[in-house]
Amino acid sequence: MHDFDEVVDRGGTASEKWDKYGDRDIIPMWVADMDFRSPTAIVEALRRRTEHGVFGYTGAPPELTETVVQMMQRDYAWRIEPQWIVWLPGLVTGLNVTCRAVGADGDEVLTLVPVYPPFLSAPRHSGRGVVRVRLHEESNCWSVDFERLEASVTSKTRLFMLCNPHNPVGRVFDRCELERLAGLCVSRGIVICADEIHCGLVLDPDKRHVPIATLSAEVAQSTITLMAPSKTFNLAGLGCSFAVIPSETLRRRFLQAKAGIVPMLNPFGYLAAQTAYTQCEEWRQELIAYLRRNREFLAEALPQMPGGLSMAPVEGTYLAWIDVRQAGIDEPVGFFEDAGVGLQDGRDFDGPGFVRLNFGCRQALLQQAIERMTVALKARFRGLSS
Ligand SMILES: Cc1ncc(COP(=O)(O)O)c(C=O)c1O
């Protein structure tokens, strides 16, 4: 059994998450990496590779490609061909390459907001316009507003960027929703870019991840699927992800768009991916159980705090999307930083009035963060009523 309660000091590792606040006593719960050590099998495999001592240019190991082919068949009954896989040093790279590969200058990219910020910047980096379609929200449940989405399609729409499981609202879209999305895109000749990086982190026992490309051969031909082991196994710093592109035409355009500007992957990323996908399923199950407990812990704590904070049900990911509008705090991120908790601003996702809390950490740390938030909110509301 992995000890997810183990205290791991990330100081001195130039951790983006932990170094952000310098000497301030702020628990970092912003960027999406977890504080857990990766599975021992991965750590050991990397140690052995390090001892070899030669770290030259490295291609994708054929056994890893075969592993991904088998994994798609096993987990999603998706029969893919090895040549459909394009390895990438980062998933965000894949989002940007896709925007360059599909359409032309001045074309439009559709996306559902709030959303992971690179969905909003990647189209702009490629001279494309972003058309934001707001997800429908009712009592903290988020869903696709299909009428608004259809009405937003224009003659310039070439690409639809989907995040599933969804960062930040935590939805794992069901088959019906995906079928409607895919139907709309296919009928209007719109390519789908599906960021499925959180596919290994479905927390609800009654939900399953459905890659949108598995809906039909026709949908697969219109879809660029992006996946990685980095979120599930906490390997973000090793830079290893991949695209699955069944359409030869789309694949050629994708390869052309990345030619000469996207570097090769490093040997550690490949090795970690191979080990994760072949030896770490038990670790993943334990992680899911631990994250579920953190999710419940947070969901039970929020309504106890003054200020009417509430969170959307986290069906997948380890990210809680918290509605702070009722609390009437102008700068919620600054307010919680002053209280000693570092959250991510909803405005980064085009979701003002919300903050995102990363609960991929020891439960004791989460508890401490909850206590700090509660104390600060109590003080504020006591102050207001006196
Ligand atoms: C939806 C989504 N896509 C991509 C990424 C980052 O991918 P990478 O670090 O491989 O570029 C993240 C990280 O939080 C994410 O949440």
Side-chain angles (χ1 to χ4, degrees), residues 4 7-38 88-96 113-122 163 165-170 195-201 203 226-241 269 272 287 290-291 294-295 298 311-312 314 316-322 324 331-337 339-352 354-363 365-366 368-370 372-373:
F4 291 97
V7 179
V8 184
D9 181 2
R10 297 183 65 184
T13 64
S15 152
E16 200 187 3
K17 184 184 188 185
W18 279 82
D19 283 8
K20 175 172 178 184
Y21 303 106
D23 292 336
R24 295 175 72 195
D25 176 20
I26 297 177
I27 301 171
M29 309 194 109
W30 63 290
V31 72
D33 74 23
M34 302 187 286
D35 291 335
F36 311 125
R37 277 165 67 82
S38 287
L88 296 162
L91 200 130
V92 172
T93 306
L95 298 174
N96 281 275
V113 294
V115 78
Y116 178 59
F119 277 58
L120 305 174
S121 55
C163 189
H166 192 276
N167 172 8
V169 306
D195 175 341
E196 302 187 3
I197 195 168
H198 293 278
C199 62
L201 292 166
L203 302 186
L226 300 167
M227 289 186 179
S230 52
K231 294 291 140 188
T232 313
F233 300 97
N234 214 23
L235 304 168
L238 294 182
C240 178
S241 33
L287 170 75
Y290 194 91
L291 291 176
N294 275 2
R295 175 186 66 171
L298 181 62
M311 75 188 227
V314 187
T317 80
Y318 46 78
L319 306 163
W321 186 237
I322 301 174
V324 290
E331 290 294 334
V333 169
F335 173 82
F336 288 115
E337 281 177 4
V341 181
L343 305 177
Q344 191 135 4
D345 197 331
R347 286 176 297 199
D348 298 347
F349 304 81
D350 194 359
F354 290 77
V355 289
R356 196 190 69 173
L357 184 152
N358 172 350
F359 58 83
C361 64
R362 290 182 295 122
Q363 198 174 99
L365 197 67
L366 178 61
Q368 201 183 349
I370 288 169
R372 289 180 177 191
M373 290 169 73

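- Listed by chain and residue number, A376 satisfy the side-chain contact (heavy atoms from CB on, under 4.5 Å) test with A339 (two or more places apart in sequence, or in another chain).
- Residues passing the ring-ring contact (aromatic ring centres under 6.0 Å, His included) test with Y290 are F4, F36, sequence neighbours excluded.
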- Task: Report the C-alpha distance between V324 and F335 in whole Å, list the side-chain angles of each, state the deciding distance to 0.1 Å, and finish with yes or no for side-chain contact (heavy atoms from CB on, under 4.5 Å).
- Result: CA-CA 11 Å; V324 290; F335 173 82; over 6 Å; no
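- Among residues two or more places apart in sequence or in another chain, the side-chain contact (heavy atoms from CB on, under 4.5 Å) test is passed with N96 by V92, R100, A122, H125.
- Listed by chain and residue number, nothing satisfies the side-chain hydrogen bond (donor to acceptor under 3.5 Å, both in side chains) test with R362 (two or more places apart in sequence, or in another chain).
- Nearest heavy-atom pair, W321 versus R356, reported as atom, atom and distance to 0.1 Å: CE3-CB, 4.0 Å.
- For D350, the side-chain hydrogen bond (donor to acceptor under 3.5 Å, both in side chains) partners at least two apart in sequence or on another chain are R132, R134.
- Checked against salt bridge (Lys or Arg N to Asp or Glu O under 4.0 Å), D9 has no partners two or more places apart in sequence or in another chain.
- Looking at R37, its side chain never comes within 3.5 Å of a backbone N or O of V8 through a donor-acceptor pair.
- A distance-only check finds a donor-acceptor pair linking the side chain of H166 to the backbone of P114 [under 3.5 Å].
- Under the side-chain hydrogen bond (donor to acceptor under 3.5 Å, both in side chains) criterion, E337 pairs with no residue at all, not counting sequence neighbours.
- With sequence neighbours excluded, the residues that form a side-chain contact (heavy atoms from CB on, under 4.5 Å) with N358 are K17, Y318, L319.
- Side chain of N234 to backbone of M34: a donor-acceptor contact under 3.5 angstrom is found.
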- Report the C-alpha separation of I370 and L298 in whole Å, then their side-chain angles, then the decisive distance to 0.1 Å, and conclude whether the side-chain contact (heavy atoms from CB on, under 4.5 Å) test is met. CA-CA 8 Å; I370 288 169; L298 181 62; 4.0 Å; yes
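- Between the CG atom in L91 and the CG atom in L226 there is a gap of 4.5 Å [rounded to 0.5 Å].
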- When you look at S38 and L235, which way does the side-chain contact (heavy atoms from CB on, under 4.5 Å) test go after all the steps? CA-CA 7 Å; S38 287; L235 304 168; 3.5 Å; yes
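- Taking the side-chain hydrogen bond (donor to acceptor under 3.5 Å, both in side chains) definition, one finds that D345 meets it with R347, sequence neighbours left out.
- Remark: side-chain polar atoms of K231 are not paired, donor with acceptor, to backbone N or O of T317 under 3.5 angstrom.
- Looking at residues two or more places apart in sequence or on another chain, you find a ring-ring contact (aromatic ring centres under 6.0 Å, His included) between F233 and W283.
- For D348, there are no salt bridge (Lys or Arg N to Asp or Glu O under 4.0 Å) partners, not counting sequence neighbours.
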- Task: In sequence, state the C-alpha distance, the side-chain angles, and the governing distance for F354 and F349, and then conclude on side-chain contact (heavy atoms from CB on, under 4.5 Å).
- Result: CA-CA 9 Å; F354 290 77; F349 304 81; over 6 Å; no
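- At least one donor-acceptor pair closer than 3.5 Å links the side chain of R372 to the backbone N or O of G340.
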